[in-house]
2 protein chains.
Amino acid sequence: MVVSELSEQDVNRLFRALADATRRDIVRRTLVTDVSVSQLADSYDMSFAAVQKHVAVLEEARLVTKESRGRERMVRGNLERIRQAQRLLDHFEELWRSRIDRLDILLAEDEPAPPDT
Amino acid sequence: MVVSELSEQDVNRLFRALADATRRDIVRRTLVTDVSVSQLADSYDMSFAAVQKHVAVLEEARLVTKESRGRERMVRGNLERIRQAQRLLDHFEELWRSRIDRLDILLAEDEPAPPDT
DNA sequence: ATAAACTGCAACCAAATGGTTGTATCAGAG
DNA sequence: CTCTGATACAACCATTTGGTTGCAGTTTAT
């Protein structure tokens, strides 16, 4: 189980960070190329401080990292975190498959349902 | 592009709905088997109304559907919505790949960068 | 017909979110 | 050294969120 690295709190932060269009856009841009905070701020119709807060949220969720370069902080998207989110969603798929399996078993049996677990 | 069905608002709701441990658990349970709202409420250490609100959030995000059965409302997880979330994350992966491609091009060239697009 | 179980919804509350402005720090340019 | 650009951070504010209690409406059971 590769996902056990993540606490429930971590998962909360991860999905919450993705639940904002500006932040998703920042992640997209910084996955393609490193961008400074002020470059990002120029792109959105809000204050520098607001963009900075979004970056901070993404950083706490570890969806981006920051690296000092002179007086700028370059923001870089962290693909590994995206992959962790994907793995979490994969688990939901597996659960769903288990429902199908249970149905199959029921259909294949003419005995009463087996003791649970 | 299969994801264009989703507005930014839809995506916000989708990820926000997933950003709560109780709601994720409800989705997991209702993906495996249909469960009534009161059965769900029994499982968590909060009021019935609180659980009902969580279900409502999931319903708005279309992560679950409800179906009347007698006096109960059976909650059923909607895998398709999970898959849409996965596709959204896949797009992030593709963007990241484009970064690599760009690097490859730069390394392979000794001419100045080609006109973009 | 009554009572009990299941649900929906409104009103309320504390805390978190997403934005603002203002001030301070820090690195680079003149 | 001084000015400017880039960032950080605090204080503040409106709205949303996640919880509560209370009440009303339906469906089932007695």
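Letters A, B, ... are given to chains in the order of the sequence lines, protein chains preceding strands, and every chain is numbered from 1. The structure displayed is predicted, hence computed values, not measured ones.
- Residue B:Gln52 is in base contact, counting any heavy-atom pair closer than 4.0 Å across all strands shown.
- Counting only residues at least two apart or on different chains, the salt bridge (Lys or Arg N to Asp or Glu O under 4.0 Å) pairs with a member in residues 10-20 of chain A are A:Asp10-A:Arg13.
- Under the side chain to side chain donor-acceptor pair (under 3.5 Å) criterion, A:Asp90 pairs with B:Gln86, not counting sequence neighbours.
- For A:Asp25, the salt bridge (Lys or Arg N to Asp or Glu O under 4.0 Å) partners two or more places apart in sequence, or in a different chain, are A:Arg28.
- With hydrogens and angles disregarded, no donor-acceptor distance shorter than 3.5 Å links the side chain of B:Thr33 to the backbone of B:Arg29.
- Taking 4.0 Å as the cutoff to heavy atoms of chain A, we find the contact window on DNA chain D bounded by D:dT4 to D:dG18.
- Legend: residues meeting side chain to side chain donor-acceptor pair (under 3.5 Å) with B:Thr65, ordered by chain and number and at least two apart, are absent.
- Judged as a salt bridge (Lys or Arg N to Asp or Glu O under 4.0 Å), and not counting sequence neighbours, the contacts of A:Glu59 are A:Lys66.
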Produce a footprint string for nucleotides 17-30 of chain C: one letter per nucleotide, 5' end first; B if the base is under 4.0 Å from any protein heavy atom, S if only the sugar-phosphate is, - if neither. SBBBB-----SS--
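- With sequence neighbours excluded, the residues satisfying salt bridge (Lys or Arg N to Asp or Glu O under 4.0 Å) with B:Glu8 are A:Arg24.
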Which side-chain N or O atoms in residues 71-82 of chain A pair as donor and acceptor under 3.5 Å with protein atoms at least two apart or in another chain?
residue : atom : partner : partner atom : Å
A:Arg73 : NE   : A:Ser68 : OG           : 3.4
A:Arg76 : NE   : A:Asp34 : OD1          : 3.3
A:Arg76 : NE   : A:Asp34 : OD2          : 3.1
A:Arg76 : NH2  : A:Asp34 : OD2          : 2.6
A:Arg76 : NH2  : A:Glu67 : OE1          : 3.3
A:Asn78 : OD1  : A:Glu80 : N            : 3.2
A:Asn78 : ND2  : A:Arg62 : O            : 2.9
A:Glu80 : OE2  : A:Arg87 : NH2          : 2.6
A:Arg81 : NE   : A:Ala61 : O            : 3.0
A:Arg81 : NH1  : A:Gln84 : OE1          : 2.9

